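I'd like to ask you about the structure that follows.
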Amino acid sequence: MAEKGEAICFKKETVSKLLSSFFKEDKTKLSGDAALLMAEMLKVFVEEAAMRSQKQAESEDCDQVEIEHFEKILPQLLLDF
Amino acid sequence: MSVDADETRQRLKAAVHYTVGRLCQRIGEDHRREFSRQVVAAIAETTFRQCDVFAKDLEAFARHAKRSMVSADDVKLLARRSTALSIYIQNKSEELAQEQRDLKKKSTGKRKSKDTEEESRA
C-alpha cells in the first residue's frame, strides 16, 4: 500500500466515539493505541472496498464505478475481514 | 435522551461518509474512474455497520482477557483473518510503540541534561 502525499485518514476521536457507541457494556473503554490502530484498519477496509469495486468496474469495461460493482465484491470483502 | 443518541449517530455517520468520500475520490483519480454517489454512500454505510461487528469483537476479546480496556493486542487479533492485514496492523503497532519510546527518550533526555547541568553547577 503506497503512501500518498496527503494522508487521508479517520480521526482518532471519531473512531473512538464510533466504536464506543457500539460497546454493549458501559465499562468497556478503548485505549489510545487501539483507537489509532482501528483508524488504520478502517482506512484499509474502505480502500479495499473502493479498490475492489474499481477493479470490478474495470473488468466490466465501465467508465464509472456503480453500485452493482460494489455489490459484487461485497460478500468476499466481508469474508476477508 | 434518545434524540441525543440519534444525533450523535448521525454525526458519526456523516464523519465516516466524509472520509470515505475523500478516499474514494483519491482512488478514483488514481484510476481515472469516478465513484458514483450511490457507491460512496454504500461503502460508508457498510463501513459504519462493520464498526458494530468490530466493536463487539473487540469488547469480547478484552473481556476474555479479563480487561475492561480494549488494547492494541485486541485489534491485532481482530486482523487475524488476512495474513497481509495482520502483518500490516502488526507493523503499525510497532511503529506506534517506537514513536512513544522516542517521545519518552526526548523528555527523559531533557531531564537528564538538566540534572547534569545542576550537578556541575553544585
Side-chain angles (χ1 to χ4, degrees), chain A residues 1-2 4-11 13-51 53-55 57-58 62-71 74 77-81, chain B residues 5 8-9 11-13 15-16 18-20 22-28 30-36 38-44 46-48 50-56 58-60 62-63 67-76 78-79 81-82 84-85 88-89 92-93 96-97 100:
Chain A
M1 248 161 280
K4 302 289 169 144
E6 9 79 57
I8 306 169
C9 58
F10 284 99
K11 283 210 207 126
E13 209 190 306
T14 308
V15 172
S16 208
K17 286 196 190 147
L18 185 52
L19 292 170
S20 300
S21 75
F22 289 124
F23 287 152
K24 276 194 283 191
E25 307 207 7
D26 284 338
K27 63 177 180 176
T28 310
K29 303 272 186 292
L30 192 71
S31 82
D33 279 357
L36 288 169
L37 287 177
M38 280 310 296
E40 281 300 318
M41 186 118 152
L42 288 174
K43 187 172 97 159
V44 172
F45 183 80
V46 174
E47 286 177 336
E48 276 303 302
M51 281 301 301
S53 304
Q54 191 283 131
K55 282 222 166 75
E58 192 178 320
C62 291
D63 286 333
Q64 225 199 11
V65 186
E66 304 280 359
I67 195 79
E68 313 93 68
H69 305 131
F70 175 61
E71 281 171 356
L74 185 57
L77 177 73
L78 295 178
L79 286 169
D80 287 344
F81 271 81
Chain B
T8 312
R9 194 184 155 93
R11 249 185 278 142
L12 287 171
K13 271 197 177 184
V16 171
Y18 173 69
T19 306
V20 169
R22 288 184 69 206
L23 285 166
C24 286
Q25 191 183 20
R26 191 188 69 189
I27 292 175
D30 287 349
H31 295 90
R32 263 169 293 178
R33 202 170 264 110
E34 251 181 48
F35 284 78
S36 77
Q38 230 190 343
V39 172
V40 174
I43 296 178
T46 306
T47 306
F48 189 81
Q50 192 63 18
C51 282
D52 189 356
V53 176
F54 285 157
K56 299 284 188 335
L58 288 170
E59 190 172 30
R63 201 186 323 133
R67 278 185 272 108
S68 57
M69 169 123 2
V70 173
S71 70
D73 282 343
D74 299 322
V75 180
K76 285 183 212 167
L78 193 65
R81 285 207 183 90
S82 148
L85 181 63
Y88 181 74
I89 294 294
K92 281 287 162 188
S93 176
L96 275 171
Q100 286 171 355

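Note on naming: letters A, B, ... go to the chains in the order of the sequence lines (proteins, then strands), and numbering restarts at 1 for each one. In this text, all values refer to a predicted model and were calculated from it rather than measured experimentally.
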Within 6.0 Å of NZ in Lys55(A), more than 12 heavy atoms from elsewhere: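 Count not over threshold, so no.
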Chain B contacts, top residue of Leu37(A), Asp33(A), Leu36(A) (heavy-atom pairs, under 4.5 Å): Leu37(A)
Closest non-hydrogen atom pair, Ser36(B) against Ile67(A):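 Taking Ser36(B) first and Ile67(A) second, the nearest heavy atoms are OG-N, 4.4 Å.
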Atom pair CG/SG of Leu23(B) and Cys9(A) - distance to nearest 0.5 Å: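 With rounding to 0.5 Å, CG (Leu23(B)) is 8.5 Å from SG (Cys9(A)).
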Pairs of heavy atoms under 4.5 Å with chain B: top-ranked of Lys27(A), Glu40(A), Lys17(A): Glu40(A)
Trace of the side chain to side chain contact (heavy atoms under 4.5 Å, CB included) decision for Phe23(A) with Val70(B): CA-CA 11 Å; Phe23(A) 287 152; Val70(B) 173; 3.9 Å; yes
Pairwise side-chain contact, Phe48(B) with Leu42(A), heavy-atom cut-off 4.5 Å (strictly under): no
For the student: nearest non-hydrogen atoms of Cys24(B) and Ala50(A), plus distance: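 Taking every non-hydrogen atom into account, SG-CB, 4.2 Å.
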Shortest non-hydrogen contact from Phe35(B) toward Ser53(A):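 So the two residues come closest at CE2-CB, 4.4 Å.
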Non-hydrogen atoms of Phe81(A) and Arg81(B) that approach each other most closely: O-NH1, 3.5 Å
Sub-4.5 Å side-chain heavy-atom contact between Leu58(B) and Met38(A): yes
Among Glu25(A), Gln54(A), Glu66(A), Glu71(A), residue most engaged with chain B (heavy-atom pairs, under 4.5 Å):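 Between Glu25(A), Gln54(A), Glu66(A), Glu71(A), the count favours Gln54(A).
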